[in-house]
Amino acid sequence: MVGTPKLTTLLKKCSTLKQAKEIHAHILINGLFHLEQLLIHHILLWNVTNYKTLARYVHVVLHRMRNPDSFSWGCMIRFFSQNGPFMEAISLYVQMQRIGLCPTSHAMSSALKSCAKVQDGFHGVSIHGQVHVLGFNACVYVQTALLDLYSKIGDVGTARKLFDEMSDRNVVSWNSMLSGYLKAGNLGKAQEFFEEIPKKDVISWNSMVSGYAKSGDMDSAYSLFQQMPERNLASWNTMIGGFVVCGSIVSAREFFNAMPMRNNVSWITMIAGYSKSGDVESARKLFDKMNKKDLLLYNAMIACYAQNSRPKEALELFSEMIKPEIYVNPDKMTLASAISACSQLADLEYWCWIELHMSDFGIVLDDHLITALIDLYAKCGSIDRAYELFHGLKQRDLVAYSAMIYGCGINGRSSDAIKLYEQMLEDCIRPNLAIYTGLLTAYNHAGLVEEGYQCFNSMKENGVVPSLDHYGIMVDLLGRAGWLNEAYNLITNMSMQPNASVWGALLLACRVHNNVELGEIAVQHCIKLESDVAGYCSLLSSIYAAVGKWDDAKKFRMSEEGKITKVPGCSWKI
DNA sequence: CTAGGGTTAG
């Protein structure tokens with residue numbers, strides 16, 4: 001038999017899950033059930049990396065407790081409200097009352113924090129209803145958590161009402177209210193409120209700086225930053241992030257270099273900045289300098305590759321992170337980038353390989369990922385599978401429709417694309433640029449000139465301004481059908497500067513219909529706009545050859561490097 | 001014995 005004092009001492013010293021399990025066994029054998037509470041409390045305060053395993057274990061212990069109590073449940077709710085899963089925290093809060101436990105103010109503020117994290121206004125409001133009944137009207141923690149919840153779900157009015165009614169406020173309450181104004185985008189009101197804060201701390205300052213930075217007003221942000229009585233990592237990181245948003249990558253780097261200390265957030269912000277400005281090499285250099293790479297760092301780098309049309313490197317890095325000797329558990333974000341990379345490579349096999357490991361990763365497909373997969377399957381020609389996934393979505397949004405419509409478009413299913421478009425309008429979703437890209441692609445593949453032209457013209461009526469891509473498709477569509485002059489007129493009447501792929505589309509059409517006059521014009525523009533001249537020259541050369549202008553044909557073939565290349569920036573095949 | 005606010009990947 002082991003007594004309570006001895007077990008308590010052991011318990012306070014234990015630091016691994018294995019030891020904890022042994023102690024728990026002793027607790028059960030000796031019937032010292034009151035110690036379970038201590039065990040749960042103790043373990044949940046460990047600062048460990050494998051907190052998921054830990055949480056799973058404690059969760060089981062909690063549910064099997066002989067004498068369940070509010071304190072233990074509160075500890076578990078607090079733990080989940082800090083690390084996630086937040087839904088689980090809310091669910092535990094509901095469950096504890098179902099088994100007859102009365103929530104403490106601690107449990108309640110943690111539950112409210114979780115509601116704020118996942119924007120769960122429904123549970124948030126129902127907890128609000130309990131505050132009075134349970135007598136937490138004067139608890140500053142509960143009141144502040146509640147105020148913060150309303151701030152985060154965008155209900156500044158209710159937040160302010162709570163703030164005014166609070167009997168006791170501290171700097172956290174002020175900061176929550178401030179972040180409410182900032183989240184609502186009300187910078188003026190926020191600034192006014194900020195000045196009223198009696199005892200500002202570093203978070204008050206950071207919030208205000210972040211507000212200016214997010215709105216792109218880096219002058220005001222910088223001026224505040226300089227006035228700060230005290231700065232921490234987040235202050236610096238906010239400034240870097242602000243410069244990144246404004247596209248001032250050089251200033252961002254200056255701040256990054258100047259800061260006294262850096263954490264992962266600093267590195268990730270900087271990498272994301274380089275990614276946004278298209279400087280993949282600089283991003284990679286930073287990435288390689290980090291010796292302790294966490295999930296978010298991998299995600300930032302993989303996303304950088306995926307967004308900058310470097311899908312192969314994205315997948316290489318993904319493979320690297322899941323190698324046993326490195327293993328970083330990927331999450332949904334990682335997969336979103338990986339799927340996008342697969343899609344760019346039209347590599348269905350790689351995805352199938354990932355899919356085998358989904359349960360190891362502990363990832364369940366959500367609508368976001370399914371939408372990415374629709375795009376992948378559609379691009380790989382498996383339009384039926386794409387349809388299956390589409391029908392399995394909980395909510396069909398604009399992105400899902402555009403993936404589907406585009407997928408139908410490139411697979412020659414134009415009537416399906418139109419049906420989807422009509423269905424989308426019925427769902428009250430307004431079309432955007434991507435939707436029209438899909439539709440026009442569908443018309444283009446089907447060679448439906450009139451319909452395509454009509455659709456193109458209807459864009460303006462729906463308040464969508466055609467982009468270079470749309471002009472490119474239209475020129476291709478008109479050109480292939482032999483309406484070369486119409487295509488040329490479309491280009492000359494463009495509201496923006498045509499690029500090489502627009503002219504390239506005309507050049508291709510000229511090749512198909514052997515039109516020397518327009519072909520010469522098109523090729524001149526192409527050469528002016530693109531460095532890869534060989535492909536264009538070879539095209540023009542073959543137009544000359546087709547109409548029997550052999551000398552001209554020969555002249556242009558000389559500059560050719562030997563092979564006909566695809567027109568750069570052009571998604572349709574020659 | 002536990003609780004509430006600011007900065008990171010799409």
Side-chain angles (χ1 to χ4, degrees), chain A residues 12 37-38 40-42 44-45 69-79 81-82 89 103-117 136 139-149 151-152 166 169-180 182-183 197 200-211 213-214 231-242 244 259 262-273 275-276 283 287 294-304 306-307 330-340 368-369 371-372 399:
Chain A
K12 283 186 179 154
Q37 186 196 73
L38 214 66
I40 290 173
H41 173 223
H42 182 71
L44 289 179
L45 289 177
D69 67 296
S70 295
F71 174 75
S72 307
W73 282 72
C75 288
M76 191 81 235
I77 294 170
R78 177 198 58 83
F79 183 85
S81 78
Q82 280 180 355
T104 58
S105 63
H106 299 261
M108 195 179 233
S109 16
S110 292
L112 283 167
K113 180 184 176 173
S114 303
C115 292
K117 284 263 195 222
F136 294 139
C139 175
V140 66
Y141 286 99
V142 170
Q143 293 296 329
T144 304
L146 203 51
L147 155 62
D148 190 59
L149 169 79
S151 280
K152 286 217 168 71
M166 277 171 82
R169 300 180 195 113
N170 58 22
V171 67
V172 183
S173 330
W174 284 88
N175 288 344
S176 292
M177 193 61 235
L178 176 63
S179 78
L182 289 169
K183 195 168 168 63
I197 302 180
K200 302 179 189 62
D201 67 0
V202 66
I203 294 188
S204 327
W205 285 89
N206 284 350
S207 307
M208 206 56 227
V209 171
S210 157
K214 280 204 181 103
R231 297 180 196 110
N232 63 9
L233 273 166
S235 329
W236 288 88
N237 291 338
T238 303
M239 288 301 289
I240 298 179
V244 165
M259 62 195 293
R262 298 177 195 100
N263 63 3
N264 272 13
V265 178
S266 332
W267 293 81
I268 292 163
T269 310
M270 207 55 230
I271 288 175
S275 170
K276 200 172 153 244
F287 179 81
D294 67 359
L295 173 68
L296 263 66
L297 199 65
Y298 271 106
N299 282 358
M301 196 61 227
I302 294 174
C304 173
Q307 281 159 29
D331 69 353
K332 288 180 181 178
M333 304 301 175
T334 331
L335 278 201
S337 295
I339 296 173
S340 155
H368 188 128
L369 289 175
T371 305
V399 186

With respect to the phosphate group of dT2(B), does any side-chain polar atom (N or O) of K113(A) fall under 4.0 Å of OP1 or OP2? no
Taking only N and O in the side chain of K214(A), is any of them less than 4.0 Å away from OP1 or OP2 of dT7(B)? yes
Take the protein atom [atom1] of [X] and the nucleotide atom [atom2] of [N], then report the distance between them rounded to whole Å.
{"X": "L44(A)", "N": "dC1(B)", "atom1": "CG", "atom2": "P", "answer": "17 Å"}
{"X": "L296(A)", "N": "dA9(B)", "atom1": "CG", "atom2": "P", "answer": "8 Å"}
{"X": "L38(A)", "N": "dC1(B)", "atom1": "CG", "atom2": "C1'", "answer": "8 Å"}
{"X": "I77(A)", "N": "dT2(B)", "atom1": "CD1", "atom2": "P", "answer": "16 Å"}
{"X": "M270(A)", "N": "dT8(B)", "atom1": "CE", "atom2": "P", "answer": "14 Å"}
{"X": "N170(A)", "N": "dG4(B)", "atom1": "CG", "atom2": "C1'", "answer": "8 Å"}
{"X": "N264(A)", "N": "dA9(B)", "atom1": "CG", "atom2": "P", "answer": "13 Å"}

When you compare the ring of Y141(A) with the six-membered ring of dG4(B)'s base, are the centres less than 5.5 Å apart and the planes under 30° from each other? no
Report the residue from L296(A), L295(A), D294(A) that forms a side chain to side chain contact (heavy atoms under 4.5 Å, CB included) with N264(A). D294(A)
Are there over 12 heavy-atom neighbours, none belonging to K332(A), within less than 6.0 Å of that residue's NZ? yes
Suppose we screen for side-chain contact (heavy atoms from CB on, under 4.5 Å). Which residues come up paired with V171(A), at least two apart in sequence or across chains? N175(A), D201(A), S204(A)
Touch check for Q307(A), heavy atoms < 4.0 angstrom, all strands: base, sugar-phosphate only, or nothing? sugar-phosphate
Look only at the side chain of S207(A) and the backbone of I203(A), and say whether a donor-acceptor pair between them is shorter than 3.5 Å. yes
